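What follows is a short report on a single structure.
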Amino acid sequence: MRKRVGSHIPLSGRNPMLQEALGIRPHILVLNKMDLADPRRQPVILEHLKQQGCSHVVFTDCQRDGNVKKIVPLVAKLVGNSPRYHRAESTEYSILVIGVPNVGKSSLINALRRVHLKKGKATAVGGEPGITKAVLTRIQVCEKPLMYLVDTPGVLSPKLGDVETGMKLALCGAIRDHLVGEDIMADYLLYALNKNQQFRYVQRYGLAEACDNIEPVLRRVALAQGKTQKVKVLTGTGNVNVTMLNYPAAAYEFLRDFRAGRLGRVTLD
Ligand SMILES: Nc1nc2c(ncn2[C@@H]2O[C@H](COP(=O)(O)OP(=O)(O)OP(=O)(O)O)[C@@H](O)[C@H]2O)c(=O)[nH]1
């Protein structure tokens, strides 16, 4: 069994209840989107996870297949080392992929298929007739050893520890933007970028210097990206069309830039 969270949030993305449910089952932690996270933080993160009893960790980039090759041998080794899973009659592996929404679970399956089967988009091979595909569908990802993955819908811990954890998950797309509010998320993102000393936004948006105030940042984003809207204003002498900056659209753009790595590599935890 296996689970994964994003490299942006290697700690906040983990679900304590899953940790418990996994128990002694062999599992590895895949930290995907490593291309978006700060590589200098990797050793500290690994050490922290090790202290929590999580020592099988692989950082991956599923868009460029980075480190994807490491997964199958590690899974085979862990299962091989677990006496409970030694069943001579069966040599296939069925692995569950668990992770918060948007972390790249489907992308991992596709990447594994590209690497091991030289095939692109995943096709379901073991769907039981009559059972909704979305519920449980096994997808072959490797021939030797014969390995299947079962994709699961993204799961979130029913109780998020604190507000900041929720914000980090939202920034990574695990919680729908509108539920939190793009403006509040943009504000938190600016705080997080400054805290991580990641100042690429200053140059990208043509700001004079780093700042703690979201308003001038969004103003620059809106101007740079042409995020304006015409608003009709009623005056005593008739209606006037005024061009206003569209701050919500600018906030959305700011979040998109971050998620695409255009604001630099950041590890939020
Ligand atoms: N930069 C980067 N983006 C990635 C990587 N892996 C996946 N993505 C992107 O992340 C987004 C979500 O990927 P999915 O594979 O759909 O994620 P998921 O976990 O299956 O999502 P849910 O089904 O909602 O739980 C997509 O836009 C992917 O292109 C990666 O390693 N690096």
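All of these numbers come straight from a predicted model, not from anything done at the bench. The chain is numbered in sequence order, starting from 1. Read the numbers this way: they start at 1 and go in the same order the structure lists the ligands and their atoms.
T60 and N32 share a donor-acceptor pair across their side chains, judged by distance under 3.5 Å alone. D151 and S106 are linked by a side-chain donor-acceptor pair at a separation below 3.5 angstrom, with hydrogens and angles left out of the test.
Relative to atom 5 (C) of ligand 1, the option among T60, N32, I98, D151 with the closest non-hydrogen atom is N32. Here the shortest heavy-atom distance to atom 15 (O) of ligand 1, taken over G261, C172, G99, S107, belongs to S107.
Numbered from 1 in the order shown, with element, the atoms of ligand 1 that lie under 4.0 Å from a heavy atom of L36 read 1 (N).
Among residues two or more places apart in sequence or in another chain, the salt bridge (Lys or Arg N to Asp or Glu O under 4.0 Å) test is passed with R40 by D38.
For V103, heavy-atom contacts with ligand 1 shorter than 4.0 Å involve the backbone as well as the side chain. Using a 4.0 Å cut-off between heavy atoms, L108 makes no contact with ligand 1 at all.
Residue contacts with ligand 1: M34 is placed with no nitrogen or oxygen under 3.5 Å of a nitrogen or oxygen of the ligand (distance criterion only). Inclusion of K33 in the set of residues having an N or O under 3.5 Å from an N or O of ligand 1 is warranted. Considering backbone and side-chain atoms alike, C62 places an N or O below 3.5 Å from some N or O of ligand 1.
Salt bridge present: D269 and K168 bring a charged side-chain N and a carboxylate O closer than 4.0 Å.
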Using a 3.5 Å cut-off and no angle test, enumerate the donor-acceptor pairs between side-chain atoms of residues 174-188 and protein atoms at least two apart in sequence or in another chain.
unit_1	atom_1	unit_2	atom_2	d
D177	OD1	R259	NH2	2.8
D177	OD2	R259	NH1	3.3
Y188	OH	E164	OE2	2.9

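Note that R138 lies in the cation-pi zone of Y148, set by a 6.0 Å cut-off to the ring centre and a 45° limit from the axis.
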